[in-house]
Amino acid sequence: MRTPIMFTLAIALLIGIAQKPVLSQPGTPISVSAVGEAQALPDRAVVYFTLRGQGESSVEARQEVRRALKQVTEKLSPLGIGRDMLKEEVSEVTPSMLPVDAEGSKGSDTTRQHRFEAATSYSLQMEMSDDRLDTLFQVLDALSEYTSRQGITAAVAHLGGFGGAPVYQEVLVEFRVQDTERLKRQAVQDGVAKARKMAEAAARQMGKSRVKMVQLDVKEPSSPALHVSPSFTPGGIKWQPLRVYVQVSATFHAQ
């Protein structure tokens, strides 16, 4: 009696295995791409400027630069900007040969006189907001006297330029957002939301009710920065949001 019972149980087990349903596939793949965007008003401004000095020796040329820097810091001090806020970026000294004749006038190759030009670039980082734009322009006005390679241009800048518009030479303003990672995250979220919306529309056309993201690829953006051309007037600076764009490629399964 025991043998027929065991045989019957074995047959039942085989039948159960044969009738076990096969797991369905996770879904129909849908691949989409979208551009995510995020924006924010700048909260930092970095002003780059270059001071130059000339002399018959490299030491004298560098001393001229230091004198110009002292004058610049005195101009900026009433605006709440101290010497410690100025960061030296690049410094160089360039020798040159000026032809002079026996009487000391230029134009003859009989003798040549050594001249040196020293140039030092600085950066100034400021907190920025809409109500601090006036302070930024005051800083640029203060720098305008000392950031010109030619004395005649400096004189024009000192007088306010033609038509009362200041003339800025060798000055660059860069607007920044300090928390760039937050902007990147917001841009990715925006791109994923757009990609999901497109995938859901494609899924509905296939008779599917929902989608599940299974893969995501994001191309990282560069740091958001709005550059202003090196030579500009206050009217050329646009106070506007900085934007970050990312390319999002996502794969969904329609279920």
Taking the side chain as every heavy atom from C-beta outward, state whether [X] and [Y] have any atom pair closer than 4.5 Å.
{"X": "Gln247", "Y": "Val218", "value": "no"}
{"X": "Leu41", "Y": "Trp239", "value": "yes"}
{"X": "Val47", "Y": "Leu136", "value": "yes"}
{"X": "Arg176", "Y": "Pro42", "value": "no"}

Spacing of [atom1] belonging to [X] relative to [atom2] belonging to [Y], to within rounding of 0.5 Å:
{"X": "Gln178", "Y": "Leu183", "atom1": "CD", "atom2": "CG", "answer": "11.5 Å"}
{"X": "Asp179", "Y": "Glu181", "atom1": "CG", "atom2": "CD", "answer": "7.5 Å"}
{"X": "Leu69", "Y": "Tyr146", "atom1": "CG", "atom2": "OH", "answer": "11.0 Å"}
{"X": "Glu174", "Y": "Arg44", "atom1": "CD", "atom2": "CZ", "answer": "13.0 Å"}
{"X": "Ile30", "Y": "Met206", "atom1": "CD1", "atom2": "CE", "answer": "3.5 Å"}
{"X": "Ile81", "Y": "Thr135", "atom1": "CD1", "atom2": "OG1", "answer": "8.0 Å"}

Of all the heavy-atom pairs spanning [X] and [Y], show the shortest one and how long it is.
{"X": "Ser58", "Y": "Val93", "result": "CB-CG1, 3.8 Å"}
{"X": "Gly53", "Y": "Glu64", "result": "CA-CB, 3.6 Å"}
{"X": "Arg52", "Y": "Ala119", "result": "NH1-CB, 3.4 Å"}
{"X": "Leu51", "Y": "Val65", "result": "O-CG2, 4.0 Å"}

NZ/NE/NH1/NH2 to OD/OE distance under 4.0 Å, Lys70 and Glu74: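 Yes.
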
Atom CZ of Arg210: over 12 foreign heavy atoms under 6.0 Å: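 Counting other residues, nucleotides and ligands, CZ of Arg210 stays at 12 neighbours or fewer.
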
Intermediate values then yes/no, side-chain contact (heavy atoms from CB on, under 4.5 Å), Phe116 and Glu60: CA-CA 8 Å; Phe116 294 85; Glu60 183 179 332; over 6 Å; no

Indicate every side-chain donor-acceptor pair of residues 195-204 with a distance under 3.5 Å to a residue at least two apart or in another chain.
none

Audit row: Val244, Val177, side-chain contact (heavy atoms from CB on, under 4.5 Å) steps and yes/no: CA-CA 10 Å; Val244 168; Val177 172; over 6 Å; no

Salt bridge (Lys or Arg N to Asp or Glu O under 4.0 Å) contacts in which one or both residues fall within residues 32-42, not counting sequence neighbours: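 For residues 32-42: Glu37-Arg243.
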
Test item: Lys194 side-chain N/O and Gly36 main-chain N/O as donor-acceptor pair under 3.5 Å: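 The answer is no, because no donor-acceptor pair under 3.5 Å joins these two groups.
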
Side-chain donor or acceptor of Arg83 paired with backbone N/O of Leu86 under 3.5 Å: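 It does hold such a pair.
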
Tabulate below the donor-acceptor pairs under 3.5 Å that side-chain atoms of residues 120-134 make, not counting sequence neighbours, or state none.
residue : atom : partner : partner atom : Å
Thr120  : OG1  : Ser91   : OG           : 3.2
Ser121  : OG   : Thr50   : OG1          : 2.9
Ser123  : OG   : Glu89   : OE2          : 2.6
Ser129  : OG   : Asp131  : OD1          : 2.4
Arg132  : NE   : Glu127  : O            : 2.7

Derivation and outcome, side-chain contact (heavy atoms from CB on, under 4.5 Å), residues Glu145 and Gln71: CA-CA 10 Å; Glu145 296 181 52; Gln71 293 174 326; over 6 Å; no

